[in-house]
Protein chains: 2
Amino acid sequence: MNASRSPVRQSSVRAHNLALVLQTVANSADRPSRAAISAATGLTRATVSALVDDLIAGRLLTELDPAPRTGAGRPAAGLALNPDGPGGLGLEINVDYLAACVVDLTGVVRHRFVTRADQRLLPAAAALADLGVLAARAREAAAADGIELAGAALAVPGLVTAGGLVPVAPNLGWQDVDVPALLDLGLPLTVDNEANLAAIGELRTDGGAPTFLYVSGEIGIGAGIVLNGELYRGGRGWSGEIGHVTVYPDGRPCRCGASGCLEQYAGQEAVAADPDLAAAALGIALSAVVNLLDLGVIVLGGGYAPEFDRLRDGIEAELRRRVLTAGLAPVTLRAATLGPDAAMRGAADVVITGVREDPARWLARAQAV
Amino acid sequence: MNASRSPVRQSSVRAHNLALVLQTVANSADRPSRAAISAATGLTRATVSALVDDLIAGRLLTELDPAPRTGAGRPAAGLALNPDGPGGLGLEINVDYLAACVVDLTGVVRHRFVTRADQRLLPAAAALADLGVLAARAREAAAADGIELAGAALAVPGLVTAGGLVPVAPNLGWQDVDVPALLDLGLPLTVDNEANLAAIGELRTDGGAPTFLYVSGEIGIGAGIVLNGELYRGGRGWSGEIGHVTVYPDGRPCRCGASGCLEQYAGQEAVAADPDLAAAALGIALSAVVNLLDLGVIVLGGGYAPEFDRLRDGIEAELRRRVLTAGLAPVTLRAATLGPDAAMRGAADVVITGVREDPARWLARAQAV
DNA sequence: AGGATTTGTTTATTGGTTGAATTATTTGAC
DNA sequence: GTCAAATAATTCAACCAATAAACAAATCCT
């Protein structure tokens, strides 16, 4: 119904095809030739050549030495994402540290800065000012490498609304913080929940499943829901609050006012106190998620990752028992591969994914400058 | 990442714009003129004229008498969806009846056939053969009105995989039924879960929220999840199994092998036996869904609709208590507006939505014939 | 009756893809 | 050592679809 509600699309065919070519290069293991791209996309070799010219001129692609190939014929020129093209600035603010990283277009982390300090002692404005300093340093480092930043994204451990407002971030002690107003980097800024961005980080590393749940166990418990390769943020951006899913209706009282929330049985302290209880509670809650969303993969991150071996059996037992379709297709449980950097990495990924998905906008901007 | 993985799009600009124009007409309360469509879409009047000509030639739009308007200027010709254009065949098989309906392009039910009979007594092949007879009758009735059917969709109370296979439909006693193989109507056939299609039916009636949960309480309990105007089917098409979400971990044993499933506390018998218990259990399970997916609207359908007034307070009490963001934005609970026909209507809607979203395909087909 | 106004069509132009022909660069055979 | 075959990439005329601007049609207002 509202699928193609977009204004119009006249000759933005080119924008689409630029993205198609760029993504084809990005998703290729080897360095594809123009002819290979033509075959993969269905576009004419002529068209691919023209598009590639634009992408090279805009510093998004580079031509490499002859790609390894056998047989007769003129050797192809290999194409790859330009590591000196536009990069992404990933930012994170958490209870006891600030962090920033620069990721280039190919997905490689080029610079990484961390400041350890308890952010709960500072007002939001001061914390964000400190983060601004860190961001400036990262930007200089990027500039020294010849990398221009296409934008920035910030991971926050709290609820985030569409405009980058944070109504509440309990563990930071924030309330109604207008992040974009307090953190002006002169770059497009995206603000999102920490678990959401960590999920995106995992999506990028895991070549496999495009549909999975990322569960982050810290003091609270958050989850990022990735459906068909895209993060689902919910109607108001407040999805993934798995920590307050009811596990034992008449159980322990929770600081949210309800009782029996998962957080009381599988939060950081609860895991330390009784891993078996935590695993069972997690298994019950995760079974509910799988029954609802039909997910095939669950990734345990944050504080759960180091405890994975101790939790696995208990969780899987509940999944086998409570997931209706467990007999038809198993649910895969795995630990997150990115460590504590997941959210920051995911944030940077959001920026470069933006460039990859709409190169035409970047080209227009780069040309205007 | 995989957003624009589509093969190519050369001059399928036209396909997109045809859809845009058609949807603009469909979503207009009044019968818009070509000029009004031009203003709404941003396309030129000339372009709109050309597109409208194609749509009229393909019997998707009709030109009406002058639309009511005031002021100077040449009077406009009103445009509207053609009620004699392609229609959709909606089918449903359930425990104690078979049903078929013909819905025209404007969304009006033109014909409706129901056969009451216990389907549990028949093997799947026989039940589908009976349904085929009903479908043929519906098709004749449509032809008598000058309506050609663009396709058919079937609602089944069970799990459905991508290819239309039904691995299991417990209440019908089906197992591994290949529906498309047993029901050849000579039309493109879509098979989907009953709750999913009912949710689509509600989406069409409710002009409002494009993100909601539809819960259908029959013997079992199913749910259709509509996110941003689109049904979410899950990785394997098995989403929405809310009936087996755990409510009381150590509670009543369920026929699925687990214990404490929602179905045991809010299934048809349980509602009749103790509405308050059912409401509390529903409230707990629905709170989990809202915490996970950040839904603003929940629609109670199927057997819940007539019991709505008796369930409402109990459910809302739990939602207020257990939904983390309840204080920030309320969750709206309402009864389904379509009755028992919801799934069948939704099925037919799927077909006509397909035509509305891709009119170019229909035009090509119509021209080829 | 005549100007104003709005609708819808016609015509030349432009952006972008296609397909065929052409050029470029290698391998392999005689 | 030269030539044919093969593959890669570019050039160029043709075509499709949208745009902008001019034009025709049909009404209202004075």
Could you say whether B:Ala46 or B:Ala36 is positioned toward the 5' end of DNA chain C, judged by the nucleotide with the nearest heavy atom to each? B:Ala36

Return the set of residues passing side-chain contact (heavy atoms from CB on, under 4.5 Å) with A:Ala46 (not counting sequence neighbours), or none when no residue passes. A:Thr44

Side chain of [X] (C-beta onward), nearest among [options]:
{"X": "A:Asp53", "options": "D:dA18, C:dG8, D:dT10", "value": "D:dT10"}
{"X": "B:Arg34", "options": "D:dT10, C:dG8, D:dA8", "value": "C:dG8"}
{"X": "A:Ala76", "options": "C:dG16, C:dT9, D:dA8", "value": "D:dA8"}
{"X": "A:Thr44", "options": "C:dG8, C:dG19, D:dA18", "value": "C:dG19"}
{"X": "B:Arg14", "options": "D:dT10, C:dT7, D:dA18", "value": "D:dA18"}

Counting primed atoms, P, OP1 and OP2 as sugar-phosphate and everything else as base, the B/S/- map of nucleotides 25-30 of chain D against protein heavy atoms under 4.0 Å is BBBS--

Tell me every residue that passes salt bridge (Lys or Arg N to Asp or Glu O under 4.0 Å) with A:Asp294, counting only those two or more places apart in sequence or in another chain.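 If we apply the salt bridge (Lys or Arg N to Asp or Glu O under 4.0 Å) test to A:Asp294, skipping adjacent residues, the hits are B:Arg236.
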
For A:Arg139, salt bridge (Lys or Arg N to Asp or Glu O under 4.0 Å) partners two or more places apart: none

Do A:Glu63 and A:Arg34 meet the salt-bridge criterion of a basic N to acidic O distance under 4.0 Å? yes

What is the nucleic acid contact for B:Arg45, judged by heavy atoms within less than 4.0 Å: base, sugar-phosphate only, or nothing?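 Base contact.
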
For A:Thr47, answer base if it contacts any base atom (sugar-phosphate contacts may also be present), sugar-phosphate if it contacts only those atoms, and nothing otherwise; contact means non-hydrogen atoms under 4.0 Å. base

Over how many whole Å does the gap from [X] atom [atom1] to [N] atom [atom2] extend?
{"X": "B:Leu61", "N": "C:dG8", "atom1": "CG", "atom2": "P", "answer": "13 Å"}
{"X": "B:Asn17", "N": "D:dC16", "atom1": "CG", "atom2": "C1'", "answer": "13 Å"}
{"X": "A:Leu43", "N": "C:dG19", "atom1": "CG", "atom2": "P", "answer": "11 Å"}
{"X": "A:Glu63", "N": "C:dA24", "atom1": "CD", "atom2": "P", "answer": "16 Å"}
{"X": "A:Leu363", "N": "C:dG16", "atom1": "CG", "atom2": "P", "answer": "12 Å"}
{"X": "B:Leu18", "N": "D:dA17", "atom1": "CG", "atom2": "C1'", "answer": "11 Å"}
{"X": "A:Asp54", "N": "C:dG15", "atom1": "CG", "atom2": "P", "answer": "14 Å"}
{"X": "A:His16", "N": "D:dA17", "atom1": "NE2", "atom2": "C1'", "answer": "17 Å"}

Taking salt bridge (charged side-chain N to carboxylate O under 4.0 Å, His left out) as the cut-off, I'd like each qualifying pair that reaches into residues 46-61 of chain B, sequence neighbours left out, listed once. B:Arg14-B:Asp54

Salt bridge (charged side-chain N to carboxylate O under 4.0 Å, His left out) pairs, two or more places apart, involving residues 20-30 of chain A: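 Those involving residues 20-30 of chain A do not exist here.
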
Is the phosphate of C:dG8, meaning OP1 or OP2, less than 4.0 Å from a side-chain N or O of B:Ser49?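 Checking B:Ser49 against C:dG8: no side-chain N or O falls below 4.0 Å of OP1 or OP2.
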
dist B:Ile56:CD1 -> B:Leu51:CG (nearest 0.5 Å) comes out at 11.5 Å

